[in-house]
> 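If you scroll down you'll find the structure; I have some questions about it.
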There are 2 protein chains.
Amino acid sequence: MSQASKKSRPTMHDVAAKAGVSQMTVSRVLRGEGYFSQDVKTRVADAAKALGYIQNRLASVQRGMENPMIGVVLPTLKNTVFIDVLAGINDTLAEVGMRPVFGVSEYSEAEEETLVRDMLSWQPCGLILSGIEHTDGLRRTVAQSGVRVAEIMDVEGDAISASFGISQQAAGAEMARHFIAQGHRRVAYIGSQGGSDLRALKRYTAFKSELEAEGGCITYERIANRASSMPLGRELTAACLSDVTDCDAIYFSNDDLAAGGLMHCLSNKVSVPHGVALAGFNDLPFLSALPQRITTTHTPRYEIGALAARYVAGADDVPAKRHMLLAELVVGDTT
Amino acid sequence: MSQASKKSRPTMHDVAAKAGVSQMTVSRVLRGEGYFSQDVKTRVADAAKALGYIQNRLASVQRGMENPMIGVVLPTLKNTVFIDVLAGINDTLAEVGMRPVFGVSEYSEAEEETLVRDMLSWQPCGLILSGIEHTDGLRRTVAQSGVRVAEIMDVEGDAISASFGISQQAAGAEMARHFIAQGHRRVAYIGSQGGSDLRALKRYTAFKSELEAEGGCITYERIANRASSMPLGRELTAACLSDVTDCDAIYFSNDDLAAGGLMHCLSNKVSVPHGVALAGFNDLPFLSALPQRITTTHTPRYEIGALAARYVAGADDVPAKRHMLLAELVVGDTT
DNA sequence: CTGAAAGCGCTAACAA
DNA sequence: TTGTTAGCGCTTTCAG
């Protein structure tokens, strides 16, 4: 009777019965709070272990304890960048005994709102969202819920409370100045994700206006609808170089595409950077294995995830504000 | 008074007060169960929307409802393979309104057990674990918890209830036969993860014994401790080719390493496959962008995740048994 | 069709 | 140092 039946897992009552104490005492011992004798402590610990007791957090949280769970919404899993961010989030949360619940929005703000509503039903103590553009409903919902919210990747715009990312505009503009300095004035742009990647768009916009301000120009622009990948980059580059003969450089929205471009050039004996210069974005580790070092912008992806996680986990050394991390130009030999 | 205070989120009581019905009626309407008039239905729906009501799942689950949450433990986030699996899991769960909670074990069985204990405290309705080797404690814990458990990637060994994966042994043996058929008898093996990747080990063991049975031999073996990556593959290949001069092929534990190997050969004018043959494992999409098509084994990663998710989500068309998916040899031009 | 009562497993507050 | 009481927000059961 006091033993849990086959069907239901043991509760504190079962542990209490086995240890010969009250259920409340079990609660205290297991949390290590309040007072209890050494004897009781070991009896309870033994009983819990013997029964294979596992805490029911739903009940604790329901009673007012903080839920060590963080809702995380990423735009996609197809881009390594977010995997790195995820790793940073997960590692950091794990350090303090918290876990992420996941959702993928596929770059849709409406879907993001739905996901957040859903996650809030588990009463997480924090939320990590991507980007800084959200629906009004989302903003209202999270404001009402009172959970901590971190927005990652982007810091340009109106943050809900804390944002962690880089300046996409500065990164784009810096690359434009580098192009100009290297004498690349006629530039093609190749992107993916059909323009739903708002951060790539911000970068490109800044790149373009800086380039034009410095006397350069965009001679070709192609933003494919598919997800970014090396094969896609190779394909788009082939198309670009056969369409346009008057560009001396290609700016890709990320490294996967740029690496694909480099592969095209390698396989087709297009000299880089003399035939055409190439640059990507992110500085993914695999670049260092390629035959040529692609010029790119290093982004602190893991750090962004880690910092955001520290914030939503309630670390008091991470204030709620705009955290702009450094994105550094990495000059390779493709420009 | 009936309105939620600034601090706490609105409950069914608040909605009930606003709609002029009892809390129980709100519960019924919101779940669409039982009977209620059209009038009551709209009043409740309006009130809920006006208040921005979000269900408190902790309470429902506590009361006996199923928690649409699946605990997922992966060995690493550094290997694209698991990202694909994750995508399959997430997409499939999302279709039925479920979400994954994540943990990364870093290939440690002890860590896996800790993670599972932690996740079970949220009363998830299912668990997806990687591999088929687990601690006894883990097995006891999940047996007692009564949740559905799926084990992915590997099907050779004693599954808890349902396993989804490929035959690592068959994949390794098939590659060995391919090597022999192509005349590659003296083979080097390059791996990573310091041998904690049990699946790679199984593959290699089968590869080796099949190779030797057919008259081939392993002339070099290097399993680095670091995580698998293209740069690592390039580095290890360089070391291998400078150490050993008598191997005519290298079998890599995965595509990242193999691609790194190919890059080394490209950059150092080592002809492939005549100077040395190369083969990887997984058939990652980026291979199609490389200058040469690397021979590899295609693994149905997304499908494994998707199927496992269907099972733990409670789909009745996925029985609890050993699901061995097909891993197909993909012959490229590097062997 | 609608509501009142009971209780899931836990913890804060108080009593012993 | 330990136990008792109340109640978190919800759903099951049973009464109107």
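By convention in this document, chain letters (A, B, ...) are assigned in the order of the sequence lines, proteins followed by strands, and residues within each chain are numbered from 1.
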> Do A:Trp122 and B:Asn56 have side chains that approach each other closer than 4.5 Å (heavy atoms only, starting at C-beta)?
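When only atoms from C-beta onward are counted, B:Asn56 and A:Trp122 do not touch, as no gap falls below 4.5 Å.
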> Is it the case that over 12 heavy atoms from other parts of the model lie below 6.0 angstrom from the CZ atom of B:Arg140?
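No - once you tally the heavy atoms of other residues, nucleotides and ligands closer than 6.0 Å, there are 12 at most.
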> Please tell me whether B:Ser22 and B:Thr25 have a donor and an acceptor in their side chains that are separated by less than 3.5 angstrom.
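Yes.
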> At under 4.0 Å, does any side-chain N or O of B:Thr25 touch on OP1 or OP2 of C:dG3?
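Result: yes.
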> Within the 3.5 Å criterion, strictly below it, is a donor on B:Glu109 or B:Thr135 matched to an acceptor on the partner's side chain?
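Per modelled atom types, B:Glu109 and B:Thr135 side chains form no pair under 3.5 Å.
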> Should A:Val73 and A:Ser130 count as side-chain neighbours, where that means a heavy-atom distance under 4.5 Å?
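No, side chains not in contact.
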> Output the rounded distance in Å from OH (A:Tyr35) to P (C:dC14).
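These atoms are roughly 16 Å apart.
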> Classify A:Val21 by what it touches in the nucleic acid, base, sugar-phosphate, or nothing, heavy-atom distance under 4.0 Å.
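Touches sugar-phosphate only.
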> B:Thr11 versus B:Arg9: any side-chain heavy-atom pair under 4.5 Å?
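Not in contact.
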> Looking for any heavy atom pair under 4.0 Å, which part of the strands does B:Val40 touch: base, sugar-phosphate only, or nothing?
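If one applies the 4.0 Å heavy-atom cut-off, B:Val40 turns out to touch the sugar-phosphate alone, with no base involved.
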> Would you mind reporting whether B:Leu129 and B:Glu112 have side-chain heavy atoms less than 4.5 Å apart?
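Yes - at least one pair of side-chain heavy atoms lies under 4.5 Å apart.
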> What one-letter contact string describes nucleotides 9-16 of chain D from 5' to 3', where B marks a base within less than 4.0 Å of any protein heavy atom, S marks contact via sugar-phosphate atoms alone, and - marks no contact?
BBBB----
> Does the side chain of B:Arg310 reach to within under 4.5 Å of the side chain of B:Asp317, using non-hydrogen atoms?
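Side-chain contact under 4.5 Å: yes.
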> Output the residues of residues 115-123 of chain B in contact with DNA chain C, where contact means a heavy atom of the residue under 4.0 Å from an atom of the strand; sort by number or write none.
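Residues of residues 115-123 of chain B that come under 4.0 Å of DNA chain C do not exist, since none gets that close.
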